[in-house]
2 protein chains.
Amino acid sequence: MTPLDKFKPIESKPSASERVAERLTTLISSGNIAPGDKLPSENELSRALHVSRPVVREALRGLAMMGIVESRQGGGCYVTDLKPNRLMAPLSFALSLQDYSLESLFRAREVIDCGIAADAARNATGEQIAMLEELADQGRKLVDDPVAFRVMDAEFHEVVGKAAGNDFLDNVARSLYGLAIDQRRKASALPGVLEQSARDHEQIIRAISRRDPEGARLAMNDHVRHIRDTTLKAMEGGETIPFRPREGG
Amino acid sequence: MTPLDKFKPIESKPSASERVAERLTTLISSGNIAPGDKLPSENELSRALHVSRPVVREALRGLAMMGIVESRQGGGCYVTDLKPNRLMAPLSFALSLQDYSLESLFRAREVIDCGIAADAARNATGEQIAMLEELADQGRKLVDDPVAFRVMDAEFHEVVGKAAGNDFLDNVARSLYGLAIDQRRKASALPGVLEQSARDHEQIIRAISRRDPEGARLAMNDHVRHIRDTTLKAMEGGETIPFRPREGG
DNA sequence: ATCGATAACTTGTCAAACAAGTTGACGAGT
DNA sequence: ACTCGTCAACTTGTTTGACAAGTTATCGAT
């Protein structure tokens, strides 16, 4: 009603544990605390930061749930490896809530993996191309072994990502790949899915080896769309997701 | 060296607070607790779950840090709206950890923003297109006011991202936009930079309003490349690149 | 009936204590 | 001299109790 809604964001009252958590994340992101380091004990932290131990514990628990630190009873608290996969883990919860997020996820893969494929066509070394061709050969022979095929598939995407030479995109792509892996497992049981993937891989590799970024992009686009279609079909939810960009308040 | 590494993942000891947190997230994702709902008080929860209040508090704090719940002192604990943007918040922290090369970041922007532009051309509403056109008009008039122009530019990218209708990509793009904002400030002081950006914006909007995904993609591609070139040029000398000090002990 | 003050409730913080687990050092046995 | 078991100190996990700070709902006065 009244234009007073703008005044809401007062709540500038970060609790003590939030301040402690932010302090720690700052120390981590600034490099003063490195991945794998052991943090001071809760008592030391509480003394150093002038707060009680429960406050420190709540902060550490929050960081632990986000995959930033890991506590072992009696053993101390350690910073994790901070690999993007680990930090992206909480997102699987987010994706489990809204169905259209899955659609977003596949669109994102489409966009990002296509960019990676194009870069791979530009930057791949001969060695990497040879590796990819070998993986494609493996793929053709593994269409009857879903488990082995998925292992091959993961390595395929990994090599392509590395060949592209873009750390950031590679990490995002890897996280996206990991987020959908569960649904993927089901999809790979459907008939014809692995054969299609094997053909897609060949197309992608062919474009990369002939240094054709646009072709690689299109081939990867087809690949991701195939994966999306079969994954949604395998989810058996009956809730196909047509593009209905309506958003409810 | 020895193949004993396989034996590590024993740690089948989720702590009490983790169990409580998972219980709550299960209740939320299953729909038993809806967004906006008020949770039982900490005392009630501790009684119901047969754990102490600090355990409940640690669990709630963890969920709060992930953006799943929100506590107000004296007012109770509420489930958030669970919008992807909110749940995506930890991602910006993840991005801030690794120091990616500027090349990687700009290439990532190229890939992601182009995808967003294409989707915007597909999904933008008339209202959003009108808003973008107005922003473009503003841009032409603000080429002599770097600060105001940057505000307009941020809003421009925001509207395009929203128009694309992909929460995931939008958040990644927003994070990328924020990461390079410092360098951008310098670049916008160079002569001709803002004029170029204004022209780029027009091209992008024209493609979007004529529902031309490929055209929008190409226009955005040019835009990002212009930004990259001018930003790299403006960076000669004062480096604002994130730097991670290494220290032992 | 409207408004303000009070009481009950809820979260935030602190303190002290014990249980459970790990680590490192010391000493007995080989 | 080396290995191994034991023990002591430390660290995290959990519980209980208490009080401060803030919110909400009831109730009484105007």
Side-chain angles (χ1 to χ4, degrees), chain A residues 4-5 7-24 27-28 33 36-80, chain B residues 2 4-5 7-25 27-28 33 35-80 249:
Chain A
L4 292 175
D5 301 338
F7 288 83
K8 267 201 280 186
I10 296 180
E11 39 178 295
S12 56
K13 292 181 286 184
S15 65
S17 54
E18 279 180 56
R19 287 197 304 269
V20 172
E22 194 190 327
R23 179 68 159 279
L24 290 175
L27 286 174
I28 291 172
I33 306 178
D37 278 4
K38 181 177 182 175
L39 292 177
S41 74
E42 296 174 354
N43 278 322
E44 288 181 87
L45 281 175
S46 65
R47 266 194 302 272
L49 301 174
H50 297 91
V51 292
S52 66
R53 189 159 89 96
V55 168
V56 173
R57 280 191 59 76
E58 285 177 18
L60 291 177
R61 182 64 60 194
L63 297 182
M65 284 192 179
M66 289 200 293
I68 296 174
V69 302
E70 229 166 14
S71 294
R72 293 195 284 268
Q73 180 173 155
C77 191
Y78 295 81
V79 179
T80 67
Chain B
T2 61
L4 292 177
D5 302 338
F7 288 84
K8 268 200 274 188
I10 296 182
E11 40 175 299
S12 58
K13 283 203 161 190
S15 65
S17 53
E18 279 180 54
R19 287 196 303 269
V20 171
E22 194 188 327
R23 180 69 158 279
L24 291 175
T25 56
L27 285 173
I28 292 173
I33 305 178
D37 278 2
K38 181 176 182 176
L39 292 177
S41 75
E42 296 175 354
N43 279 321
E44 287 181 87
L45 281 176
S46 65
R47 266 197 302 274
L49 300 173
H50 297 90
V51 292
S52 65
R53 191 158 88 97
V55 168
V56 173
R57 278 190 61 77
E58 285 174 16
L60 291 178
R61 180 66 61 194
L63 297 182
M65 283 191 179
M66 290 198 293
I68 296 175
V69 303
E70 229 167 14
S71 292
R72 294 196 283 269
Q73 181 173 159
C77 190
Y78 296 81
V79 179
T80 66

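So that the names make sense, note that chain A is the first sequence line, chain B the second, and so on, each numbered from 1.
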Original post:
According to a strict under-4.0 Å criterion, is A:Arg61 in side-chain N/O contact with OP1 or OP2 of D:dG13?
Top reply: yes

I want to verify a distance call: between [options], whose nearest atom is closest to the [X] side chain?
X       : options                : result
B:Val51 : D:dT15, C:dC14, C:dT11 : D:dT15
A:Ala16 : C:dG12, D:dT12, C:dT13 : C:dT13
B:Gln73 : D:dG13, C:dT10, D:dG22 : D:dG22
A:Val55 : C:dC14, C:dT11, D:dG13 : C:dC14

**OP:** Report the C-alpha distance between B:Val55 and B:Leu49 in whole Å, list the side-chain angles of each, state the deciding distance to 0.1 Å, and finish with yes or no for side-chain contact (heavy atoms from CB on, under 4.5 Å).
**Re:** CA-CA 10 Å; B:Val55 168; B:Leu49 300 173; over 6 Å; no

Original post:
Rounded to the nearest 0.5 Å, how far apart are CZ of B:Arg61 and CE of A:Met65?
Top reply: 11.5 Å

Original post:
Rounded to the nearest 0.5 Å, what separation is found between the CG atom of A:Asp37 and the SG atom of A:Cys77?
Top reply: 11.5 Å

**OP:** Tell me which of B:Leu39 and B:Pro54 sits closer to the 5' end of DNA chain C, going by the nucleotide each one is nearest to.
**Re:**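 So the residue in question is B:Leu39.
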
**OP:** Could you pick out which residue, A:Arg72 or B:Leu60, lies toward the 5' side of DNA chain C when each is mapped onto its nearest nucleotide?
**Re:**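 Its nucleotide being nearer the 5' end, the pick is B:Leu60.
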
Subject >> Quiz item: A:Arg53 side-chain donor-acceptor pair to D:dG13 base, under 3.5 Å >> reply: yes

**OP:** Starting from P on D:dT11, measure out to CZ on A:Arg57 and report it in whole angstrom.
**Re:**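 Result: 14 Å.
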
Subject >> A:Arg47 CZ to C:dC14 C1', straight-line distance once rounded to whole Å >> reply: 15 Å

